[in-house]
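I have placed the structure first, in the form of structure tokens, so that the comments after it can refer back to it.
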Amino acid sequence: MPVITMRNGPLEHVVIDGDPDLSPLVFLHGGLGCLAAWGRFPARLAAATGRRALVYSRHGHGGSGPDPLPRTVRYMHEHAHEVLPELLDALGMRRPVLVGHSDGASMALLHASAHPVRAVVGMGPHLYFEEENRRGIENARASYAAGPLARKLAMVHDDPRGVFDRWSGVWLSPAFRDWSIEDELDVTAPVLAIQGDADEYGTLAQVDAVERAVDGPFVRLVPEGCDHYPHLVRPGLVVDAVRGFLAEPATSAAPSAHAAHAAHAAHTDRIPSAGAGR
């Protein structure tokens, strides 16, 4: 697996070939994710859109180097504003399409608020702490202790216990109860927000919060019966939605303020799925 040396240590990554004239896809995984946990989804989306793609594991995840930073309530800010810009600059990735899942979706929105991007695709985004977060993570702790989740994480991480403890520890800490990025976002790039209506880690109010927080074109996709992992449960649906989103004139070219306002008001759709079996 290719590794790139960063200020905070090595990161494993893969670059998928595509049209160099198109903005590249950059995949930001969730709190328990890594490069390998994406499965075939990045390659499918890259092929469907004709774009280059960067897939990587954050420090402490997958086969990347250990996380040298203490996990604080601002860990998503730190990655979005420090590590990700350094990585994109090192690899020559300009104005990317950020494809984020869970924590990675929050990081994508934070990054897009301060750096030029072509578009953001956020799956299961978190904009503030809610009770469903706590219940979902408590259930994950039970699954880890019982064995199934521990075995699953051990298949893709060098330090599965560290990944789980850092993630669950900060989210369940008293300091995280007041966590919110709603008032920090300033995103004018087009945004596609995707969340299953059976997401075990958050409610659809998170998607409503994304819509309120962005100033550019906004589209929502809500697969019925789908959990926190729409790209794994319904990859075909998600690939088709992202491909269509990126083909929209407002997404493929920087929109005017008038066009952005019109798209934000008009493109909010609920799309049912035919099933959500893994």
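None of the values given here were measured: they were computed from a predicted structure.
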For this session: Taking Arg51 for its side chain and Ser23 for its backbone only, find out whether a donor-acceptor pair lies under 3.5 Å.
Result: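 Checked: pair present.
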Exercise. Do the charged groups of Arg212 and Asp208 touch, with an N to O distance under 4.0 Å?
Worked result: no
For this session: Run the salt-bridge test on Glu132 and Arg135 with the 4.0 Å N-O cut-off and return the result as yes or no.
Result: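 Looking at Glu132 and Arg135, the cut-off is met.
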Exercise. Can you name the closest pair of heavy atoms from Gln206 and Tyr128 and give their distance?
Worked result: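 The answer is NE2-O, 2.9 Å.
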Exercise. Which pair of heavy atoms, one from Ala46 and one from Ile16, lies closest together, and at what distance?
Worked result: CB-CG2, 4.0 Å
For this session: For a side-chain hydrogen bond (donor to acceptor under 3.5 Å, both in side chains) with Thr203, tell me which candidate from Glu131, Gln195, Glu130 qualifies.
Result: Glu130
For this session: Measure from NZ or CZ of Lys152 to the centre of the six-membered ring of Tyr229, then state whether that distance is under 6.0 Å and the direction lies within 45° of the axis.
Result: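 Pair Lys152/Tyr229 counts as cation-pi.
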For this session: Please name the residue in the list Leu32, Asp165, Leu153 that meets the side-chain contact (heavy atoms from CB on, under 4.5 Å) test with Tyr144.
Result: Leu153
Exercise. Taking the inter-plane angle between the rings of His77 and His81 on a 0 to 90° scale, is it parallel (under 30°), tilted (30 to 60°) or perpendicular (over 60°)?
Worked result: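 Geometry flag for His81 against His77: tilted rings.
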Exercise. Is any side-chain heavy atom of His59 closer than 4.5 Å to a side-chain heavy atom of Pro68?
Worked result: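 Yes, at least one pair of side-chain atoms sits under 4.5 Å.
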Looking at [atom1] of [X] and [atom2] of [Y], how far apart are the two atoms once the value is rounded to the nearest 0.5 Å?
X: Arg58; Y: Leu35; atom1: CZ; atom2: CG; result: 12.0 Å
X: Leu237; Y: Ile194; atom1: CG; atom2: CD1; result: 7.5 Å
X: Leu127; Y: Ser180; atom1: CG; atom2: OG; result: 6.5 Å

For this session: Determine whether the aromatic ring centres of His79 and His111 lie less than 6.0 Å apart.
Result: no
Exercise. If you measure only the distance, is there a donor-acceptor pair under 3.5 Å linking the side chains of Glu12 and Ser64?
Worked result: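 No, Ser64 and Glu12 have no side-chain donor paired with an acceptor closer than 3.5 Å.
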